[in-house]
Participant: 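Mind looking over this structure? Questions follow.
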Amino acid sequence: MEDTKLTNVPGTSTFLNKSLMPSENVVVCSAVVHDTYDEITTPESRHYKLLEDMIRSGHWGCLDHVAPSFKITCPIFVARQILRASNASFNEMSGRYKIMKPLFYEPKNLYEDVKRKELGETPILISKDEDIILEVYKLACTSSWSAYTVMLERGLRKEQARMVLPLNTFTEFWMTLKLSDWLHFLNLRLDTNSQMETRFIAELVYEMLKEQFPSIMEYWNKYARGPINGFGTIQTP
Ligand SMILES: Cc1cc2nc3c(=O)[nH]c(=O)nc-3n(C[C@H](O)[C@H](O)[C@H](O)COP(=O)(O)OP(=O)(O)OC[C@H]3O[C@@H](n4cnc5c(N)ncnc54)[C@H](O)[C@@H]3O)c2cc1C
């Protein structure tokens with residue numbers, strides 16, 4: 001039986017189609033379809049200036065000529081939140097065909113379960129029994145893994161043996177969204193209301209999108225980035 005490992009890094013993200021991705025020039029060229037761009041090229045600077053206006057005023061259709069794909073590895077409880085992005089295409093590894101990895105997520109800090117007024121409130125560190133909680137946490141991971149492997153060794157199907165594994169085991173999936181949908185996703189998941197581990201994944205995606213589409217992400221940050229406000233609307237145009 002492989003030893004179980006605990007990690008407090010909540011995941012990784014890889015930009016799968018980065019090398020196939022057109023630059024943000026494609027967005028500008030598509031915005032001036034009435035001009036003569038028959039291929040994606042470096043737009044005239046006057047056209048490039050449109051980009052800021054477009055992002056600010058909500059002409060986001062042009063963003064959707066690009067559809068970045070990421071491979072995300074994260075604990076199952078994070079994946080369940082991310083998979084709610086209903087416009088996305090997903091392909092997830094299957095525990096029916098593949099033996100799961102003995103890798104478990106362990107939070108860096110343990111927080112007190114206080115009654116919250118808002119999801120995004122600053123958490124309070126737990127004040128007692130931290131050692132006992134950690135011990136129980138680790139025990140749950142190792143004992144579920146040992147049950148999983150014993151059942152596999154006795155010939156049980158992977159799809160059934162996996163049923164004893166907890167939500168902090170890791171999964172991996174591909175996720176593709178059009179760019180405007182990624183911006184919506186980031187608005188929801190970079191926000192402090194979002195669970196810390198899910199925010200961590202959103203930050204990885206955000207950094208990679210910033211590198212690929214620097215002006216678009218700069219203008220989004222300036223004009224359209226915003227949390228869910230007090231009325232429950234999201235501040236995208
Ligand atoms: C902090 C947090 C807590 C949550 N808690 C729960 C929970 O307890 N239980 C539960 O079942 N679910 C929960 N969810 C999931 C939530 O209800 C949504 O299903 C999920 O976040 C997907 O959001 P959505 O419907 O806005 O986006 P999608 O379903 O992905 O929306 C589809 C597309 O519509 C567009 N769109 C939607 N809304 C807007 C808007 N306001 N402005 C601009 N474009 C828009 C975007 O392009 C988006 O990509 C939670 C989500 C968050 C962020």
Side-chain angles (χ1 to χ4, degrees), residues 10-11 13 15-17 21 24 26-27 30-31 51-92 105 107-109 111-124 166-168 171-210 212-213 215-237:
S13 178
F15 198 156
L16 286 165
N17 54 356
M21 195 60 18
E24 54 195 4
V26 66
V27 173
S30 72
L51 193 58
E52 183 166 4
D53 279 347
M54 281 162 38
I55 306 269
R56 188 178 50 215
S57 54
H59 293 286
W60 285 24
C62 304
L63 300 177
D64 289 345
H65 293 284
V66 289
S69 302
F70 292 91
K71 179 178 175 179
I72 294 171
T73 306
C74 63
I76 290 170
F77 70 89
V78 175
R80 285 191 61 171
Q81 297 179 357
I82 292 175
L83 266 67
R84 295 301 304 275
S86 62
N87 281 1
S89 300
F90 294 103
N91 279 89
E92 188 175 10
Y105 174 69
K108 251 190 211 142
N109 298 311
Y111 298 122
E112 192 97 42
D113 191 24
V114 292
K115 196 165 170 54
R116 290 181 286 195
K117 287 202 196 83
E118 285 172 23
L119 279 176
E121 277 175 11
T122 311
I124 302 161
L167 292 177
N168 68 335
T171 184
E172 59 187 45
F173 54 90
W174 284 27
M175 174 172 179
T176 303
L177 275 170
K178 289 177 181 173
L179 190 51
S180 73
D181 289 312
W182 275 117
L183 299 184
H184 177 68
F185 171 84
L186 291 179
N187 255 346
L188 291 172
R189 300 301 181 180
L190 287 175
D191 183 48
T192 50
N193 275 324
S194 185
Q195 188 163 350
M196 193 203 84
E197 290 80 4
T198 306
R199 236 184 302 154
F200 177 90
I201 299 292
E203 287 286 352
L204 296 179
V205 169
Y206 175 49
E207 288 306 319
M208 287 185 267
L209 290 179
K210 250 188 355 194
Q212 185 72 23
F213 307 111
S215 313
I216 292 172
M217 297 312 285
E218 182 193 329
Y219 301 140
W220 171 73
N221 222 344
K222 192 165 164 192
Y223 300 113
R225 180 173 174 175
I228 303 167
N229 67 25
F231 303 101
T233 50
I234 299 151
Q235 295 163 358
T236 44

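Because only heavy atoms are used, hydrogens play no part in the values below, and waters and symmetry mates are left out as well, while side chains stay in. For ligands, and for the atoms within them, numbers begin at 1 and follow the listed sequence.
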Participant: Find all atoms of ligand 1 within a distance of less than 4.0 Å from any non-hydrogen atom belonging to S86, and give their numbers and elements.
Facilitator: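 Near S86, the atoms of ligand 1 are 28 (P), 29 (O), 30 (O), 31 (O), 32 (C).
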
Participant: Taking C-beta and beyond as the side chain, do L209 and L179 meet within less than 4.5 Å on heavy atoms?
Facilitator: yes

Participant: Of all the atoms in ligand 1, which lie at a distance below 4.0 Å from a heavy atom belonging to N193?
Facilitator: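 Once the distances to N193 are compared, the set is 1 (C).
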
Participant: Pull out every atom of ligand 1 sitting under 4.0 Å from any heavy atom of D181, numbered as shown with elements.
Facilitator: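 What qualifies from ligand 1 is 33 (C), 46 (C), 47 (O), 48 (C), 49 (O).
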
Participant: From atom 52 (C) of ligand 1, work out which of R80, R189, H184 has a heavy atom at the shortest distance.
Facilitator: R189

Participant: Taking 4.0 angstrom as the limit and counting only heavy atoms of A85, give me the atoms of ligand 1 inside it, by number and element.
Facilitator: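 Those qualifying, in numeric order: 30 (O).
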
Participant: So which atom in S30 and which in C62 form the shortest heavy-atom distance, rounded to 0.1 Å?
Facilitator: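 So the minimum-distance heavy-atom pair works out to OG-CB, 3.4 Å.
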
Participant: Parallel, tilted or perpendicular: which fits the ring planes of Y105 and F77, with parallel below 30° and perpendicular above 60°?
Facilitator: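 Because their plane-to-plane angle lies in the 30° to 60° range, the rings of Y105 and F77 count as tilted.
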
Participant: Under a 4.0 Å heavy-atom limit, does Q81 contact ligand 1 with its side chain, its backbone, both, or neither?
Facilitator: neither

Participant: Taking the six-membered ring for Trp, are W182 and F70 closer than 6.0 Å centroid to centroid?
Facilitator: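 They qualify: ring centres under 6.0 Å apart.
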
Participant: Do any N/O atoms on S180 end up under 3.5 angstrom from N/O atoms on ligand 1?
Facilitator: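 By distance alone, the answer is no.
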
Participant: Would you mind listing which atoms of ligand 1 come within a distance below 4.0 Å of any non-hydrogen atom of R84?
Facilitator: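 Ligand 1 atoms under the 4.0 Å threshold to R84: 10 (C), 11 (O), 12 (N), 19 (O), 20 (C), 22 (C), 29 (O).
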
Participant: Going by the order shown, which atoms of ligand 1 are within less than 4.0 Å of some heavy atom of N87?
Facilitator: 32 (C), 33 (C), 49 (O)

Participant: Tell me, with the steps shown, if E203 and L190 meet side-chain contact (heavy atoms from CB on, under 4.5 Å).
Facilitator: CA-CA 7 Å; E203 287 286 352; L190 287 175; 3.7 Å; yes

Participant: Can you confirm, on distance only, whether ligand 1 has an N/O atom lying under 3.5 Å from any N/O atom belonging to S194?
Facilitator: no

Participant: Checking side-chain contact (heavy atoms from CB on, under 4.5 Å) for the pair M175/L83: CA distance, chi angles, key distance, verdict?
Facilitator: CA-CA 9 Å; M175 174 172 179; L83 266 67; over 6 Å; no

Participant: Could you tell me whether a side-chain N or O of N187 sits under 3.5 Å from a main-chain N or O of A224, the two making a donor and an acceptor?
Facilitator: yes

